[in-house]
Amino acid sequence: MPISAASRPATSLPRTLLTGVQMLFVAFGALVLVPLLTGLDPSVALFTAGIGTLLFHGVTRVTVPVFLASSFAFIAPIQGSIANFGVSATLGGLMAAGFVYVVISQAVRLKGTAWLHRLLPPVVVGPVIMVIGLALAPVAVSMATGETSDHIDYGPALFLSMASLLVTLVLAVFGRGIVRLIPIMGGIVTGYGLALLMGLVDFTPVHESAWLSIPEFTAPSFHWAAILFMIPVAIAPAVEHIGDMVAIGSVTRRNYLEKPGLHRTLLGDGLATVAAALFGGPPNTTYSEVTGAVTLTRAFDPRIMLVAACTAIALAFVAKLGALLQTIPGPVMGGIMTLLFGSIAVVGMNTLVRAGHSLTAPRNLVVISLILVFGIGGMQVGGGQFTLQGVSLAALVGIVLNWVLPRAEEDE
(Lines give C-alpha, C1' and ligand atoms only; values in the text may rest on other atoms or scores of the structure.)
Protein backbone atom coordinates (compact mmCIF):
# COMPACT_ATOMS: atom_id res chain seq x y z
CA MET A 1 0.00 0.00 0.00
CA PRO A 2 1.20 3.56 -0.62
CA ILE A 3 2.97 5.47 2.08
CA SER A 4 0.42 7.91 3.44
CA ALA A 5 1.33 10.94 5.48
CA ALA A 6 0.17 9.11 8.59
CA SER A 7 2.13 5.92 7.93
CA ARG A 8 5.44 7.55 7.10
CA PRO A 9 8.04 7.30 9.84
CA ALA A 10 8.30 10.53 11.80
CA THR A 11 11.36 12.35 10.55
CA SER A 12 12.55 15.71 11.83
CA LEU A 13 12.91 18.50 9.28
CA PRO A 14 16.69 18.92 9.76
CA ARG A 15 17.22 15.17 9.35
CA THR A 16 15.06 15.12 6.22
CA LEU A 17 17.01 18.05 4.71
CA LEU A 18 20.41 16.54 5.58
CA THR A 19 19.49 13.10 4.24
CA GLY A 20 18.12 14.62 1.05
CA VAL A 21 21.36 16.49 0.38
CA GLN A 22 23.29 13.28 1.07
CA MET A 23 21.19 11.43 -1.53
CA LEU A 24 22.12 14.03 -4.13
CA PHE A 25 25.79 13.66 -3.15
CA VAL A 26 25.55 9.90 -3.78
CA ALA A 27 24.03 10.50 -7.22
CA PHE A 28 26.17 13.51 -8.12
CA GLY A 29 29.15 11.77 -9.73
CA ALA A 30 27.05 9.68 -12.09
CA LEU A 31 24.59 12.53 -12.68
CA VAL A 32 27.21 14.91 -14.09
CA LEU A 33 29.25 12.16 -15.77
CA VAL A 34 26.68 11.68 -18.55
CA PRO A 35 26.59 15.32 -19.73
CA LEU A 36 30.37 15.60 -19.42
CA LEU A 37 30.83 12.56 -21.66
CA THR A 38 28.19 13.54 -24.20
CA GLY A 39 28.88 17.27 -24.56
CA LEU A 40 25.71 18.41 -22.80
CA ASP A 41 25.68 21.03 -20.04
CA PRO A 42 26.12 19.56 -16.51
CA SER A 43 24.21 22.50 -15.00
CA VAL A 44 21.25 21.72 -17.24
CA ALA A 45 21.54 18.03 -16.23
CA LEU A 46 21.32 19.03 -12.55
CA PHE A 47 18.24 21.14 -13.30
CA THR A 48 16.50 18.45 -15.35
CA ALA A 49 17.32 15.74 -12.78
CA GLY A 50 15.56 17.84 -10.17
CA ILE A 51 12.59 18.64 -12.41
CA GLY A 52 12.36 15.01 -13.55
CA THR A 53 12.38 13.71 -9.97
CA LEU A 54 9.63 16.15 -8.98
CA LEU A 55 7.54 15.10 -12.00
CA PHE A 56 8.01 11.42 -11.14
CA HIS A 57 6.88 11.97 -7.58
CA GLY A 58 3.94 14.05 -8.77
CA VAL A 59 2.74 11.18 -10.97
CA THR A 60 3.39 8.49 -8.33
CA ARG A 61 1.98 10.63 -5.46
CA VAL A 62 5.23 10.65 -3.46
CA THR A 63 5.15 6.93 -2.70
CA VAL A 64 8.46 5.57 -4.09
CA PRO A 65 11.80 6.64 -2.50
CA VAL A 66 13.77 7.07 -5.74
CA PHE A 67 15.80 9.84 -7.37
CA LEU A 68 15.90 10.25 -11.14
CA ALA A 69 18.94 11.52 -13.04
CA SER A 70 21.09 11.05 -16.17
CA SER A 71 20.73 7.60 -17.75
CA PHE A 72 23.95 5.71 -18.57
CA ALA A 73 22.16 3.64 -21.22
CA PHE A 74 21.92 6.69 -23.46
CA ILE A 75 25.59 7.76 -23.32
CA ALA A 76 26.78 5.98 -26.46
CA PRO A 77 23.60 6.72 -28.47
CA ILE A 78 23.76 10.42 -27.55
CA GLN A 79 27.42 10.60 -28.60
CA GLY A 80 26.63 8.94 -31.91
CA SER A 81 23.52 11.04 -32.53
CA ILE A 82 25.26 14.35 -31.76
CA ALA A 83 28.07 13.41 -34.16
CA ASN A 84 25.55 12.67 -36.93
CA PHE A 85 22.64 15.03 -36.31
CA GLY A 86 23.74 17.73 -33.84
CA VAL A 87 22.63 18.54 -30.28
CA SER A 88 19.20 20.01 -31.01
CA ALA A 89 18.06 17.11 -33.22
CA THR A 90 19.42 14.64 -30.66
CA LEU A 91 17.28 16.26 -27.98
CA GLY A 92 14.27 15.82 -30.26
CA GLY A 93 15.10 12.13 -30.55
CA LEU A 94 15.43 11.87 -26.77
CA MET A 95 12.05 13.53 -26.32
CA ALA A 96 10.56 10.94 -28.68
CA ALA A 97 12.21 8.21 -26.60
CA GLY A 98 10.52 9.66 -23.52
CA PHE A 99 7.15 9.41 -25.27
CA VAL A 100 7.91 5.72 -25.92
CA TYR A 101 7.93 5.29 -22.12
CA VAL A 102 4.58 7.08 -21.96
CA VAL A 103 3.07 4.80 -24.63
CA ILE A 104 4.43 1.68 -22.88
CA SER A 105 3.02 2.90 -19.56
CA GLN A 106 -0.47 3.19 -21.02
CA ALA A 107 -0.20 -0.21 -22.69
CA VAL A 108 0.83 -1.68 -19.33
CA ARG A 109 -2.14 0.04 -17.69
CA LEU A 110 -4.54 -1.50 -20.23
CA LYS A 111 -2.94 -4.90 -20.95
CA GLY A 112 -0.53 -5.70 -18.10
CA THR A 113 3.13 -6.66 -18.67
CA ALA A 114 2.86 -10.06 -20.38
CA TRP A 115 2.90 -8.54 -23.88
CA LEU A 116 6.03 -6.55 -23.04
CA HIS A 117 7.93 -9.69 -22.06
CA ARG A 118 6.78 -11.45 -25.24
CA LEU A 119 7.85 -8.54 -27.45
CA LEU A 120 11.14 -8.01 -25.61
CA PRO A 121 12.40 -11.30 -24.15
CA PRO A 122 15.93 -11.56 -22.68
CA VAL A 123 17.26 -12.89 -26.01
CA VAL A 124 16.52 -9.44 -27.48
CA VAL A 125 17.02 -7.13 -24.49
CA GLY A 126 20.34 -8.69 -23.37
CA PRO A 127 22.32 -8.21 -26.60
CA VAL A 128 20.76 -4.76 -27.17
CA ILE A 129 22.09 -3.65 -23.78
CA MET A 130 25.48 -5.12 -24.76
CA VAL A 131 25.43 -3.06 -27.96
CA ILE A 132 24.65 0.09 -25.94
CA GLY A 133 27.76 -0.55 -23.84
CA LEU A 134 30.17 -1.62 -26.57
CA ALA A 135 29.17 0.32 -29.69
CA LEU A 136 31.30 3.34 -28.82
CA ALA A 137 33.94 1.64 -26.67
CA PRO A 138 36.64 3.10 -28.98
CA VAL A 139 35.55 6.57 -27.83
CA ALA A 140 36.43 5.65 -24.25
CA VAL A 141 39.87 4.43 -25.33
CA SER A 142 40.46 7.58 -27.39
CA MET A 143 39.67 9.79 -24.40
CA ALA A 144 41.74 7.63 -22.05
CA THR A 145 44.83 7.86 -24.27
CA GLY A 146 44.56 11.61 -24.83
CA GLU A 147 43.55 11.52 -28.50
CA THR A 148 40.67 13.90 -27.80
CA SER A 149 42.75 16.32 -25.70
CA ASP A 150 44.80 19.04 -27.38
CA HIS A 151 47.14 19.75 -24.46
CA ILE A 152 47.63 16.29 -22.88
CA ASP A 153 50.10 13.84 -24.45
CA TYR A 154 49.79 10.06 -24.51
CA GLY A 155 51.94 9.36 -21.42
CA PRO A 156 50.26 11.76 -18.97
CA ALA A 157 46.85 10.90 -20.40
CA LEU A 158 47.35 7.17 -19.83
CA PHE A 159 48.61 7.81 -16.29
CA LEU A 160 45.57 9.94 -15.42
CA SER A 161 43.04 7.57 -16.98
CA MET A 162 44.47 4.45 -15.37
CA ALA A 163 44.77 6.11 -11.95
CA SER A 164 41.13 7.22 -12.15
CA LEU A 165 40.09 3.76 -13.29
CA LEU A 166 42.08 2.03 -10.52
CA VAL A 167 40.54 4.11 -7.74
CA THR A 168 37.04 3.64 -9.17
CA LEU A 169 37.30 -0.14 -9.31
CA VAL A 170 38.98 -0.38 -5.89
CA LEU A 171 36.16 1.62 -4.29
CA ALA A 172 33.52 -0.38 -6.18
CA VAL A 173 34.98 -3.75 -5.15
CA PHE A 174 36.50 -3.11 -1.72
CA GLY A 175 34.60 -0.04 -0.48
CA ARG A 176 32.29 -0.30 2.49
CA GLY A 177 29.28 1.74 3.55
CA ILE A 178 28.69 5.07 1.84
CA VAL A 179 32.11 4.88 0.13
CA ARG A 180 30.99 1.93 -1.96
CA LEU A 181 28.12 4.02 -3.35
CA ILE A 182 30.36 6.72 -4.84
CA PRO A 183 33.15 4.95 -6.76
CA ILE A 184 32.75 7.20 -9.82
CA MET A 185 33.09 10.35 -7.75
CA GLY A 186 36.15 8.88 -6.02
CA GLY A 187 37.80 8.15 -9.37
CA ILE A 188 37.04 11.61 -10.74
CA VAL A 189 38.34 13.37 -7.60
CA THR A 190 41.56 11.32 -7.68
CA GLY A 191 42.17 11.93 -11.39
CA TYR A 192 41.38 15.62 -11.02
CA GLY A 193 43.75 15.97 -8.08
CA LEU A 194 46.57 14.32 -10.04
CA ALA A 195 45.84 16.56 -13.04
CA LEU A 196 46.12 19.59 -10.77
CA LEU A 197 49.53 18.44 -9.51
CA MET A 198 50.63 17.90 -13.13
CA GLY A 199 49.44 21.36 -14.18
CA LEU A 200 46.92 20.01 -16.69
CA VAL A 201 43.82 21.86 -15.46
CA ASP A 202 42.82 25.18 -17.03
CA PHE A 203 40.77 27.32 -14.63
CA THR A 204 40.10 30.10 -17.14
CA PRO A 205 36.42 29.11 -17.63
CA VAL A 206 35.89 29.20 -13.85
CA HIS A 207 37.43 32.67 -13.49
CA GLU A 208 35.37 34.00 -16.40
CA SER A 209 32.02 32.64 -15.20
CA ALA A 210 29.66 34.42 -12.82
CA TRP A 211 28.70 32.90 -9.49
CA LEU A 212 25.04 32.69 -10.42
CA SER A 213 23.47 32.44 -13.86
CA ILE A 214 20.71 30.67 -15.75
CA PRO A 215 21.87 27.31 -17.20
CA GLU A 216 22.36 27.21 -20.97
CA PHE A 217 19.11 25.52 -21.91
CA THR A 218 18.88 24.10 -25.46
CA ALA A 219 15.59 23.61 -27.30
CA PRO A 220 14.99 20.36 -29.19
CA SER A 221 14.29 20.15 -32.93
CA PHE A 222 12.71 17.21 -34.67
CA HIS A 223 14.28 15.23 -37.53
CA TRP A 224 13.15 11.78 -38.58
CA ALA A 225 16.67 10.37 -38.74
CA ALA A 226 17.51 11.37 -35.16
CA ILE A 227 14.13 10.15 -33.89
CA LEU A 228 14.47 6.76 -35.60
CA PHE A 229 18.03 6.51 -34.26
CA MET A 230 17.00 7.17 -30.64
CA ILE A 231 13.55 5.59 -30.15
CA PRO A 232 14.72 1.94 -29.93
CA VAL A 233 17.26 2.90 -27.26
CA ALA A 234 14.33 3.47 -24.87
CA ILE A 235 13.37 -0.20 -25.05
CA ALA A 236 16.12 -1.58 -22.80
CA PRO A 237 15.82 1.07 -20.03
CA ALA A 238 12.02 0.66 -20.04
CA VAL A 239 12.40 -3.07 -19.42
CA GLU A 240 15.07 -2.43 -16.77
CA HIS A 241 12.68 -0.02 -15.06
CA ILE A 242 10.61 -3.02 -13.90
CA GLY A 243 13.71 -4.45 -12.21
CA ASP A 244 14.40 -1.08 -10.55
CA MET A 245 10.91 -0.98 -9.05
CA VAL A 246 11.24 -4.55 -7.79
CA ALA A 247 14.64 -3.72 -6.27
CA ILE A 248 13.49 -0.67 -4.33
CA GLY A 249 10.33 -2.55 -3.34
CA SER A 250 12.41 -5.37 -1.86
CA VAL A 251 14.27 -2.80 0.23
CA THR A 252 11.17 -1.04 1.58
CA ARG A 253 9.01 -4.21 1.59
CA ARG A 254 6.34 -2.65 -0.59
CA ASN A 255 4.94 -3.75 -3.96
CA TYR A 256 5.32 -0.68 -6.15
CA LEU A 257 4.23 -2.64 -9.24
CA GLU A 258 0.73 -2.62 -7.73
CA LYS A 259 0.67 0.68 -5.85
CA PRO A 260 1.28 3.24 -7.27
CA GLY A 261 1.43 0.75 -10.17
CA LEU A 262 4.01 0.05 -12.87
CA HIS A 263 2.04 2.17 -15.34
CA ARG A 264 2.43 5.19 -13.06
CA THR A 265 6.15 4.70 -12.44
CA LEU A 266 6.77 4.20 -16.18
CA LEU A 267 4.71 7.31 -16.93
CA GLY A 268 6.69 9.31 -14.38
CA ASP A 269 9.98 8.09 -15.88
CA GLY A 270 8.78 8.97 -19.39
CA LEU A 271 7.60 12.46 -18.47
CA ALA A 272 10.89 13.06 -16.64
CA THR A 273 12.80 12.16 -19.83
CA VAL A 274 10.54 14.32 -22.00
CA ALA A 275 11.04 17.28 -19.65
CA ALA A 276 14.81 16.74 -19.61
CA ALA A 277 15.01 16.80 -23.41
CA LEU A 278 12.78 19.87 -23.53
CA PHE A 279 15.37 21.86 -21.54
CA GLY A 280 18.49 20.28 -23.09
CA GLY A 281 19.38 17.64 -20.49
CA PRO A 282 20.09 13.90 -20.78
CA PRO A 283 17.29 11.34 -20.27
CA ASN A 284 16.35 10.52 -16.70
CA THR A 285 16.17 7.13 -15.01
CA THR A 286 15.91 5.80 -11.46
CA TYR A 287 19.35 5.62 -9.82
CA SER A 288 20.58 2.36 -8.33
CA GLU A 289 23.22 4.32 -6.37
CA VAL A 290 20.43 6.08 -4.50
CA THR A 291 18.59 2.79 -3.98
CA GLY A 292 21.80 1.50 -2.40
CA ALA A 293 21.96 4.56 -0.16
CA VAL A 294 18.33 4.03 0.86
CA THR A 295 19.21 0.44 1.79
CA LEU A 296 22.20 1.58 3.83
CA THR A 297 20.55 4.49 5.66
CA ARG A 298 17.04 2.96 5.93
CA ALA A 299 15.75 6.37 4.79
CA PHE A 300 12.46 5.19 3.26
CA ASP A 301 10.59 8.51 3.33
CA PRO A 302 10.03 9.60 -0.32
CA ARG A 303 9.99 13.27 0.77
CA ILE A 304 13.77 12.99 1.19
CA MET A 305 14.01 12.68 -2.60
CA LEU A 306 12.06 15.92 -2.99
CA VAL A 307 14.78 17.64 -0.95
CA ALA A 308 17.46 16.10 -3.19
CA ALA A 309 15.55 17.28 -6.28
CA CYS A 310 15.19 20.85 -5.03
CA THR A 311 18.88 20.94 -4.06
CA ALA A 312 19.85 19.80 -7.58
CA ILE A 313 17.73 22.56 -9.11
CA ALA A 314 19.35 25.17 -6.84
CA LEU A 315 22.88 23.99 -7.68
CA ALA A 316 22.09 24.23 -11.40
CA PHE A 317 22.11 28.02 -11.09
CA VAL A 318 25.62 28.11 -9.53
CA ALA A 319 27.52 28.86 -12.75
CA LYS A 320 30.98 28.38 -11.26
CA LEU A 321 30.08 24.80 -10.32
CA GLY A 322 29.19 24.02 -13.94
CA ALA A 323 32.38 25.69 -15.18
CA LEU A 324 34.47 23.75 -12.64
CA LEU A 325 32.99 20.44 -13.77
CA GLN A 326 33.93 21.22 -17.36
CA THR A 327 37.61 21.65 -16.40
CA ILE A 328 37.89 17.91 -15.65
CA PRO A 329 40.46 16.56 -18.16
CA GLY A 330 39.24 14.20 -20.88
CA PRO A 331 41.58 11.30 -19.88
CA VAL A 332 40.07 11.25 -16.37
CA MET A 333 36.61 10.76 -17.85
CA GLY A 334 37.97 8.31 -20.43
CA GLY A 335 39.41 6.03 -17.77
CA ILE A 336 36.04 5.80 -16.04
CA MET A 337 34.25 5.30 -19.37
CA THR A 338 36.28 2.16 -20.05
CA LEU A 339 34.79 0.58 -16.93
CA LEU A 340 31.36 2.11 -17.43
CA PHE A 341 30.81 0.91 -20.98
CA GLY A 342 32.08 -2.53 -20.10
CA SER A 343 29.77 -2.74 -17.08
CA ILE A 344 26.76 -1.89 -19.24
CA ALA A 345 27.72 -4.76 -21.55
CA VAL A 346 27.98 -7.09 -18.53
CA VAL A 347 24.43 -6.13 -17.51
CA GLY A 348 23.33 -7.32 -20.95
CA MET A 349 25.28 -10.57 -20.58
CA ASN A 350 23.71 -11.11 -17.16
CA THR A 351 20.24 -10.62 -18.67
CA LEU A 352 20.97 -13.47 -21.08
CA VAL A 353 22.49 -15.75 -18.45
CA ARG A 354 19.63 -15.32 -15.96
CA ALA A 355 17.10 -16.26 -18.65
CA GLY A 356 18.57 -19.78 -18.63
CA HIS A 357 18.13 -20.45 -22.36
CA SER A 358 20.77 -22.12 -24.50
CA LEU A 359 22.62 -19.35 -26.33
CA THR A 360 23.83 -21.80 -29.00
CA ALA A 361 20.33 -23.04 -29.88
CA PRO A 362 19.87 -22.10 -33.59
CA ARG A 363 17.10 -19.57 -33.01
CA ASN A 364 18.83 -17.79 -30.11
CA LEU A 365 22.17 -17.90 -31.90
CA VAL A 366 20.73 -16.15 -34.97
CA VAL A 367 18.96 -13.42 -32.97
CA ILE A 368 21.88 -12.65 -30.64
CA SER A 369 24.55 -12.80 -33.35
CA LEU A 370 22.80 -10.41 -35.71
CA ILE A 371 21.97 -7.94 -32.97
CA LEU A 372 25.61 -7.80 -31.88
CA VAL A 373 27.19 -7.62 -35.35
CA PHE A 374 24.69 -5.12 -36.77
CA GLY A 375 24.89 -2.94 -33.66
CA ILE A 376 28.64 -2.96 -33.09
CA GLY A 377 29.86 -3.46 -36.66
CA GLY A 378 28.45 -0.23 -38.06
CA MET A 379 25.77 -1.69 -40.35
CA GLN A 380 23.47 0.93 -41.93
CA VAL A 381 20.11 0.52 -43.64
CA GLY A 382 18.41 3.25 -45.66
CA GLY A 383 19.70 6.73 -46.39
CA GLY A 384 19.03 10.43 -45.86
CA GLN A 385 16.44 11.09 -43.15
CA PHE A 386 15.60 7.40 -42.74
CA THR A 387 18.97 5.85 -41.90
CA LEU A 388 18.91 3.08 -39.31
CA GLN A 389 22.18 2.19 -37.59
CA GLY A 390 23.72 1.28 -34.25
CA VAL A 391 21.40 0.49 -31.35
CA SER A 392 18.24 1.42 -33.27
CA LEU A 393 18.97 -1.03 -36.10
CA ALA A 394 20.10 -3.74 -33.67
CA ALA A 395 16.93 -3.44 -31.58
CA LEU A 396 14.66 -3.48 -34.63
CA VAL A 397 16.43 -6.54 -36.10
CA GLY A 398 16.13 -8.36 -32.77
CA ILE A 399 12.42 -7.59 -32.37
CA VAL A 400 11.60 -8.67 -35.95
CA LEU A 401 13.65 -11.89 -35.77
CA ASN A 402 12.14 -12.80 -32.41
CA TRP A 403 8.69 -12.26 -33.91
CA VAL A 404 9.09 -14.18 -37.19
CA LEU A 405 11.39 -17.08 -36.28
CA PRO A 406 9.61 -20.22 -35.01
CA ARG A 407 10.10 -20.81 -31.32
CA ALA A 408 11.88 -23.88 -30.04
CA GLU A 409 9.76 -26.31 -28.04
CA GLU A 410 11.45 -25.41 -24.77
CA ASP A 411 10.53 -21.74 -25.29
CA GLU A 412 6.83 -22.43 -25.77
Side-chain angles (χ1 to χ4, degrees), residues 71-85 89-90 92-105 107-108 113 115-137 223-243 266 269-270 273 277 282-283 285 341 344-352 355 357 359 363-382 385-405:
S71 171
F72 283 13
F74 283 87
I75 293 176
I78 291 174
Q79 289 176 326
S81 182
I82 289 178
N84 287 288
F85 314 114
T90 296
L94 293 173
M95 183 174 285
F99 281 117
V100 170
Y101 281 69
V102 175
V103 171
I104 293 175
S105 74
V108 167
T113 59
W115 67 272
L116 187 60
H117 292 295
R118 284 196 301 269
L119 180 68
L120 299 168
V123 74
V124 173
V125 174
V128 167
I129 296 174
M130 293 173 67
V131 168
I132 290 173
L134 297 177
L136 287 183
H223 301 277
W224 277 112
I227 291 173
L228 290 173
F229 181 88
M230 199 61 69
I231 280 180
V233 181
I235 292 172
V239 174
E240 284 187 295
H241 176 90
I242 300 174
L266 272 170
D269 209 332
T273 293
T285 190
F341 284 180
I344 293 173
V346 171
V347 170
M349 292 171 60
N350 190 48
T351 301
L352 285 172
H357 300 311
L359 302 186
R363 183 182 187 276
N364 295 339
L365 184 66
V366 168
V367 175
I368 296 170
S369 298
L370 291 182
I371 289 175
L372 291 175
V373 174
F374 279 32
I376 299 174
M379 178 69 75
Q380 294 187 8
V381 174
Q385 288 288 305
F386 293 94
T387 302
L388 281 173
Q389 58 185 334
V391 179
S392 57
L393 177 60
L396 183 60
V397 166
I399 291 171
V400 171
L401 288 175
N402 179 68
W403 181 40
V404 301
L405 292 178

For residues [X] and [Y], determine if any side-chain heavy atom of one lies less than 4.5 Å from a side-chain heavy atom of the other.
| X | Y | result |
| --- | --- | --- |
| Val128 | Leu120 | no |
| Pro127 | Ile368 | yes |
| Asp269 | Ser105 | no |

*Positive for side-chain contact (heavy atoms from CB on, under 4.5 Å) with Pro121, one of Val123, Val125, Leu119*: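 Exactly one candidate clears the test, Val123.
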
Shortest non-hydrogen contact from [X] toward [Y]:
| X | Y | result |
| --- | --- | --- |
| Tyr101 | Pro237 | OH-CB, 2.9 Å |
| Phe74 | Leu94 | CD2-CD2, 3.6 Å |
| Phe229 | Ser392 | O-CB, 3.2 Å |
| Ile231 | Ala96 | CG1-CB, 4.0 Å |
| Thr273 | Gly98 | CG2-CA, 3.7 Å |

*Does Asn402 offer a backbone N or O that forms a donor-acceptor pair with the side chain of Arg363 under 3.5 Å?*
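Answer holds: yes.
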
Starting at [atom1] of [X], measure out to [atom2] of [Y] and round the result to the nearest 0.5 Å.
| X | Y | atom1 | atom2 | result |
| --- | --- | --- | --- | --- |
| Ile344 | Met130 | CD1 | CE | 12.5 Å |
| Leu393 | Gln380 | CG | CD | 9.0 Å |
| Leu352 | Leu359 | CG | CG | 5.5 Å |
| Leu116 | Ile104 | CG | CD1 | 6.0 Å |
| Met379 | Leu370 | CE | CG | 9.0 Å |
| Ile78 | Ser71 | CD1 | OG | 8.0 Å |

_Worked verdict on Val381 versus Leu396 for side chain to side chain contact (heavy atoms under 4.5 Å, CB included)_ = CA-CA 11 Å; Val381 174; Leu396 183 60; over 6 Å; no

*Go through the steps to decide whether Ser81 and Thr90 satisfy the test side chain to side chain donor-acceptor pair (under 3.5 Å), and finish with yes or no.*
CA-CA 6 Å; Ser81 182; Thr90 296; 2.8 Å; yes

*His357 vs Asn364, side chain to side chain donor-acceptor pair (under 3.5 Å): CA-CA, chis, key distance, verdict*: CA-CA 8 Å; His357 300 311; Asn364 295 339; 5.4 Å; no

